[in-house]
Amino acid sequence: MLEQPRSVIDGSAMAMTGSMLLGMGRARYATMLLPLMGGDTAQQRAAADAWEKVSLSMSAHPDLVDRSVTNVNWTAPSAKLYTETVRGYADDAGEKAGSPKASADVLRATATAYDVLGQAVFVTGAAILAAGFIYRMNQVNPFTRGPAEVAATSFGLRADQQAGQLAGRARAFVMGGQGVVGKVAAKLAQMSTGKKVVLGGAAGVTGAMMGQSAVAGRFGDTAIKPSAPEVKA
């Protein structure tokens, strides 16, 4: 199956063609909704890798500080300064590493969710296109023309309904705390280990990324089945 955003582009194109073949504005709502579900997952994963590197660098910073002062002969005043300032700074950097790590996790989960969402759009578009072709073939035969109209109307309504459900679920998980938003909040809470974690500049990015996430597994059952209803004479 194609990954995002190609799956959404192709699925939307098939849906539009199928809607035109069905005629009478059938599945028109679906053709308007499906193109809105695209996402640049390749860019999201690249950004996740970048945040992962930031996190690894920050996690390694305390050891780097320790190694840089291993052979330094401290006097009493400077030793105190090192203990209270330099070591404290290094430890703080290690604690903050969890924030870009959380951003990386959210971005990867978001990309996975949008890939699954794109697959659902592709299958939906394929189903609408197949239904359009079947409708046109049965419309030629005067004995199947009447049932074909009824079946096409029924399918169009169902396509619109399920496209709406798909969009609704996507929005609910993007805006809600049931998905990755809650998981990231729990991750940041675990980071504290009894101390107040200062998230620094990465907190804004983390917050922004949390808002766009969703749980991928919940999208699959909203797709229209790829087979169109049969029309009997």
Side-chain angles (χ1 to χ4, degrees), residues 1-45 47 106-139 148-183 208-231:
M1 187 68 70
L2 296 173
E3 291 187 354
Q4 281 265 27
R6 192 72 231 175
S7 56
V8 172
I9 295 173
D10 290 353
S12 298
M14 289 189 292
M16 183 175 295
T17 303
S19 178
M20 292 173 62
L21 290 172
L22 288 169
M24 303 293 292
R26 296 176 178 124
R28 183 180 178 185
Y29 184 61
T31 63
M32 291 188 294
L33 280 178
L34 297 182
L36 303 179
M37 301 183 196
D40 193 342
T41 55
Q43 191 174 50
Q44 289 171 338
R45 290 191 170 94
V106 169
L107 280 165
R108 289 195 180 97
T110 302
T112 300
Y114 275 104
D115 277 339
V116 175
L117 182 59
Q119 292 169 11
V121 171
F122 186 87
V123 171
T124 300
I128 295 174
L129 180 60
F133 277 119
I134 292 174
Y135 166 70
R136 287 296 178 180
M137 287 188 294
N138 283 282
Q139 197 182 39
E149 291 290 339
V150 175
T153 300
S154 176
F155 181 86
L157 291 173
R158 187 159 62 94
D160 285 343
Q161 180 184 28
Q162 293 198 18
Q165 290 175 354
L166 185 65
R169 290 196 178 190
R171 185 179 184 280
F173 283 107
V174 166
M175 302 301 294
Q178 294 177 287
V180 178
V181 175
K183 293 181 180 180
M209 296 309 176
M210 284 194 295
Q212 51 174 301
S213 189
V215 177
R218 297 290 295 273
F219 287 130
D221 59 353
T222 62
I224 302 175
K225 298 296 184 294
S227 58
E230 295 182 0
V231 178

Hey, mind stepping through S12 and V121 against side-chain contact (heavy atoms from CB on, under 4.5 Å) and telling me if it holds? CA-CA 7 Å; S12 298; V121 171; 4.3 Å; yes
Separation between CD of Q4 and CD of Q119, rounded to the nearest 0.5 Å: 9.0 Å
For residues 24-36, which side-chain N or O atoms pair as donor and acceptor with protein atoms under 3.5 Å away, sequence neighbours left out?
from	atom 1	to	atom 2	distance (Å)
R26	NE	T153	OG1	3.2
R26	NH1	L22	O	2.7
R26	NH2	E149	OE1	2.8
R26	NH2	T153	OG1	3.1
T31	OG1	R28	O	2.6

Student check: side-chain heavy atoms of M14 and F122 closer than 4.5 Å: yes
For the pair S154 (side chain) and V150 (backbone), establish whether a donor and an acceptor sit closer than 3.5 Å, ignoring hydrogens and angles. no
Are any of the side-chain heavy atoms of L166 and L117 separated by less than 4.5 Å? yes
Are Q161 and R158 close enough, and set up right, to give a side-chain hydrogen bond (donor to acceptor under 3.5 Å, both in side chains), and what steps lead you there? CA-CA 5 Å; Q161 180 184 28; R158 187 159 62 94; over 6 Å; no
Not counting sequence neighbours, which residues clear side-chain hydrogen bond (donor to acceptor under 3.5 Å, both in side chains) with D40? List them please. none
If we only count heavy atoms from C-beta on, is the T124 to M37 side-chain gap below 4.5 Å? no
What distance separates F133 CZ from N138 CG, expressed to the nearest 0.5 Å? 13.5 Å
Closer than 3.5 angstrom, by distance alone: can the side chain of S19 be matched with the main-chain N or O of A15 as a donor-acceptor pair? no
Spatial distance of atom CG (L107) from atom OG1 (T112) [nearest 0.5 Å]: 11.0 Å
Please report the interatomic distance CD1(I128) to OH(Y135), rounded to the nearest 0.5 Å. 15.5 Å
